[in-house]
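Here is the naming used below: chain letters follow the sequence lines, and residue numbers restart at 1 for every chain. Everything numeric in this text was worked out from a predicted model, so none of it was measured.
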Number of protein chains: 2
Amino acid sequence: MDHPTGAYSIFFTSLANPNRLQIINVLRQGRKNVTQLCKATGFEQTMISHNLKRLERCGMVMAEQKGKFRYYSLNKETIKPLMSLIDSHMKEYCCKILEEEKRGA
Amino acid sequence: MDHPTGAYSIFFTSLANPNRLQIINVLRQGRKNVTQLCKATGFEQTMISHNLKRLERCGMVMAEQKGKFRYYSLNKETIKPLMSLIDSHMKEYCCKILEEEKRGA
DNA sequence: TCCATACATGACACAAATATCATATGATAT
DNA sequence: ATATCATATGATATTTGTGTCATGTATGGA
C-alpha cells in the first residue's frame, strides 16, 4: 500500500452502500440510462444520479451521452475480478455474515 | 452478484476507513499484538480493539492468543490481491482522486 | 490472593454519509 | 419559443459510522 489510505478509503466507501451495489448489479446486465436504472431498481431518479456521480468519480462506471439519454456502463475490468475475489473470500471466511444476511438480520 | 448486497456492503464498509486501512498496512509486515499495533500507529488501544473486531468479523484478520497477548495477522489470501487489484484500477481510472490526495485535498 | 498488564465491551457524543426535496440544466419535438 | 422529457445539482434532515470514555474480563507474576 504505497498510496495514502485516504484514496483507498474513498474507493471502498463508494462500494460500501447497498443501493450503489444494487445499481452496479443492474449495470452488470449491460449499459443503461438513468430512467432504465430507476425502473430496474425502484429508486428515485435523484438518488440514482447522485450515486452514479460518485461511482463515476471512482472510475467504477463510465457515462456516454446519446441524445437526451445518458448511458452508464460498468467498468468490467475492475468490477468483475473484484466481485469474484470477494465472493470467494466470503465463501471461505465470512460464513457468519452471509448467514445473518440470509436470515435477514 | 448472487449474494445480498448487504453482505458486500458490510465487507466494503470495513475497508472504507483510513484508520482501519492503516492497521491493515501495519499488519502487512507480519502479525502483531494490540500493544504493538498501538505503538506502530499511535492510535488508542480501545480504538484498535474495536476496529480489529470489525476486521475480524469480515475475515480480514485472524486472532491468536499467546499467553497475555493476542496476536492479529492479516488474511493475505484476500488482502494482497485485493489491494493490487485496486492499485491498478486507481492508476488507470482514478487519477483525479490520487492527485487530490497528494495535494492534500 | 492481590496487583499489574493486556485486551475487550458498552454507551454515548460527535462526525460523516445518505436519501430526499426543491430546483436547475440540457436536449428534443412541436 | 416553449413545453416536455431526461438528468444533474444544492441544501438539508436524518440515518449511520466513529472515536473516546468508563468499565469489564482474562492472564500471569509477586
Exercise for the section: Check whether any side-chain heavy atom of A:L37 lies under 4.5 Å from a side-chain heavy atom of A:L27, and answer yes or no. Expected result: yes

Handout entry: Residue A:T46, side-chain heavy atoms: nucleotide from C:dA8, D:dG19, C:dC21 that is nearest
Key = C:dC21

Problem - Derivation of the side-chain hydrogen bond (donor to acceptor under 3.5 Å, both in side chains) call for B:E92 and B:S88 - result: CA-CA 6 Å; B:E92 217 169 336; B:S88 61; 6.0 Å; no

Problem - Residue mapping more 5' on DNA chain C - nearest nucleotide basis, B:Y71 or A:T13 - result: B:Y71

Handout entry: Nearest-neighbour nucleotide for the A:S49 side chain, D:dT7, C:dT20, C:dC7 considered
Key = D:dT7

Exercise for the section: Look at the side chain of B:F69 and decide which nucleotide, out of D:dA6, D:dT20, C:dC7, has an atom nearest to it. Expected result: C:dC7

Exercise for the section: Would you mind telling me which of D:dT7, C:dG10, C:dC7 lies closest to the side-chain atoms of B:H50? Expected result: C:dG10

Practice task
Compare side-chain N and O positions of A:N33 against OP1 and OP2 of D:dA6 and report whether any pair is under 4.0 Å apart.
Solution key: no

Practice task
Would you indicate whether the side-chain heavy atoms of B:R70 and B:L52 approach each other to under 4.5 Å?
Solution key: no

Problem - 4.5 Å side-chain heavy-atom contact, A:N19 and A:T41 - result: no

Practice task
Side chain of A:E44 only, please: which of C:dC21, C:dA19, C:dA8 is the nearest?
Solution key: C:dC21

Fill in the blank from the handout: Quick note, A:N19 side chain, CB onward, closest among D:dA8, D:dA6, C:dA19 is C:dA19

Practice task
Give a yes/no on whether any side-chain N or O of B:R20 is located under 4.0 angstrom from OP1 or OP2 of D:dT18.
Solution key: yes

Handout entry: Phosphate contact (C:dG26 OP1 or OP2) by A:K68 side-chain N/O below 4.0 Å
Key = no

Handout entry: Donor/acceptor link under 3.5 angstrom from A:Q45 side chain onto base of D:dA6
Key = no

Exercise for the section: For A:T35, answer base if it contacts any base atom (sugar-phosphate contacts may also be present), sugar-phosphate if it contacts only those atoms, and nothing otherwise; contact means non-hydrogen atoms under 4.0 Å. Expected result: sugar-phosphate

Practice task
Please tell me which of the listed nucleotides, C:dC7, D:dT20, D:dT9, lies nearest to the side chain of B:Y72?
Solution key: C:dC7

